[in-house]
Chemist: 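Sharing a structure below in structure tokens format, with a few things to ask.
Letters A, B, ... mirror the listed sequences (proteins, then strands); counts begin at 1.
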2 protein chains.
Amino acid sequence: MQNMQAITILAALAQESRLAVYRLLIEHAPEGLAASAIAEQLGLPNATLSFHLKELSHAGLVSSRQSGRFIYYAPVIETMDALVGYLTDHCCSQSGGTCAPATRKSAPAKRVAAAGKRRPGSA
Amino acid sequence: MQNMQAITILAALAQESRLAVYRLLIEHAPEGLAASAIAEQLGLPNATLSFHLKELSHAGLVSSRQSGRFIYYAPVIETMDALVGYLTDHCCSQSGGTCAPATRKSAPAKRVAAAGKRRPGSA
DNA sequence: TCTATATTTCCATGATTATAGAATTGTCAA
DNA sequence: TTGACAATTCTATAATCATGGAAATATAGA
């Protein structure tokens, strides 16, 4: 991942409403949620939500698909994966430090299984 | 980690000069670098660098210590660790997705050894 | 078609952030 | 002390970002 792309993604997440939107979408992955449902859940005006969705979309953190009159937004896991990879690859101490997330809180099995995998695309 | 703390850290990293400073400090961990050395390496005016160092410091991403006339800045690995933990814990898909950094590009041994470790402080 | 609903764009406004020169503060060496 | 250097704070300015009402643009059903 390029520096500038990482900055775009970090900036997209570094905002209260947008982080809330993203986390809400994660809870509803992989189907996602309609914009109206997001607006209702988070109490955001339409225009404001639309603005933030565009930011998240531009950063590649969410995708959208139309279904009838609704537009569903879903998180793009690969982007978060790439960001975490970038941070561990470029922003963690070479010598000794931790920065190893290893596994998640409540779904350890899957994570552990993948633990030996080398990150293929990292420069 | 609290949401707002994560946002502070993300915002601190989401800026070209600051990310460059942080990455430079990572290269010089754990001793760090004097402000003047950072300014020279990155070609930043003193006042500008000072502004960004304060942001990084406020986010807990760097620490500083005085040594003679110099102030050395060093990265705080624990903060990056906590951020990566927050992202993997709260911002990665529950069902199936990847978001598992597992190991780093060129220092796999240490990482693999820690791969089985559960993240202790995560809610 | 007409109407209702979903979403986005337009726009103005206010707030925050980034930049960097100049002045200031702090530290050391002689 | 004085002088040299390191770093921060002060200050003004420009640029970017966030907010949300109002208007415009879909989409679907009757």
Chemist: Of P45(A) and S67(A), whose closest DNA chain D nucleotide lies nearer the 5' terminus?
Modeler: P45(A)

Chemist: Tell me the side chain to side chain donor-acceptor pair (under 3.5 Å) pairs involving residues 5-21 of chain A, sequence neighbours left out?
Modeler: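 Side chain to side chain donor-acceptor pair (under 3.5 Å) check on residues 5-21 of chain A returns R18(A)-H52(A).
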
Chemist: Can you sort out the partners of S63(B) under side-chain contact (heavy atoms from CB on, under 4.5 Å), two or more places apart, ordered by chain and number?
Modeler: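 Listed in chain order: A74(B), V76(B).
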
Chemist: Can you check whether I38(B) reaches Q41(B) side chain to side chain, under 4.5 Å on heavy atoms?
Modeler: no

Chemist: Applying side-chain contact (heavy atoms from CB on, under 4.5 Å), can you list everything that pairs with A14(B), at least two apart in sequence or on another chain?
Modeler: L10(A), A11(A)

Chemist: At their closest point, which heavy atom of I26(A) faces which heavy atom of P75(A), and how far apart are they?
Modeler: CD1-CB, 3.8 Å

Chemist: Apply the hydrophobic cluster definition, ILVMFWY joined by side-chain contacts under 4.5 Å directly or through others, and give me every member besides F51(B).
Modeler: none

Chemist: How would you list, by chain and number, every residue that makes a side-chain contact (heavy atoms from CB on, under 4.5 Å) with A39(B), sequence neighbours excluded?
Modeler: N46(B), L49(B)

Chemist: Provide a list of protein-nucleic acid N or O atom pairs under 3.5 angstrom, restricted to nucleotides 5-9 of chain D.
Modeler:
unit_1: dA6(D); atom_1: O3'; unit_2: R69(B); atom_2: O; d: 3.3
unit_1: dA7(D); atom_1: OP1; unit_2: A35(B); atom_2: N; d: 3.3
unit_1: dA7(D); atom_1: OP1; unit_2: I71(B); atom_2: N; d: 2.9
unit_1: dA7(D); atom_1: OP2; unit_2: S36(B); atom_2: N; d: 2.5
unit_1: dA7(D); atom_1: OP2; unit_2: S36(B); atom_2: OG; d: 2.7
unit_1: dT8(D); atom_1: OP1; unit_2: Y73(B); atom_2: OH; d: 2.2
unit_1: dT8(D); atom_1: OP2; unit_2: S50(B); atom_2: OG; d: 3.0
unit_1: dT8(D); atom_1: O5'; unit_2: S50(B); atom_2: OG; d: 3.2

Chemist: On DNA chain C, which is the earliest and which the latest nucleotide, 5' to 3', with an atom closer than 4.0 Å to a heavy atom of chain B?
Modeler: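 Contact boundaries, 5' end first: dA18(C) to dC28(C).
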
Chemist: With nearest nucleotides of DNA chain D determined for L44(A) and Q66(A) from heavy-atom distances, which residue corresponds to the more 5′ nucleotide?
Modeler: L44(A)

Chemist: Could you work out the complete set of other residues in the hydrophobic cluster of Y72(A), with links drawn between I, L, V, M, F, W and Y side chains under 4.5 Å apart?
Modeler: F70(A)

Chemist: Do any of residues 4-17 of chain B sit with a heavy atom less than 4.0 Å from DNA chain C, and if so which?
Modeler: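 Result for residues 4-17 of chain B: Q15(B), sorted by number.
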
Chemist: Quick one: list whatever passes side-chain hydrogen bond (donor to acceptor under 3.5 Å, both in side chains) with R23(B), sequence neighbours left out.
Modeler: N3(A), Y86(A), H90(A)

Chemist: Do any side-chain nitrogens or oxygens of H52(A) fall under 4.0 Å of OP1 or OP2 in dT19(D)?
Modeler: yes

Chemist: CD of E55(A) versus P of dC17(D): gap in Å, rounded?
Modeler: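 Result: 7 Å.
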
Chemist: Does I71(A) have any side-chain contact (heavy atoms from CB on, under 4.5 Å) partners at least two apart in sequence or in another chain, and if so, which?
Modeler: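 With sequence neighbours excluded, I71(A) shows a side-chain contact (heavy atoms from CB on, under 4.5 Å) to S64(A), Q66(A), Y73(A), given in chain and number order.
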
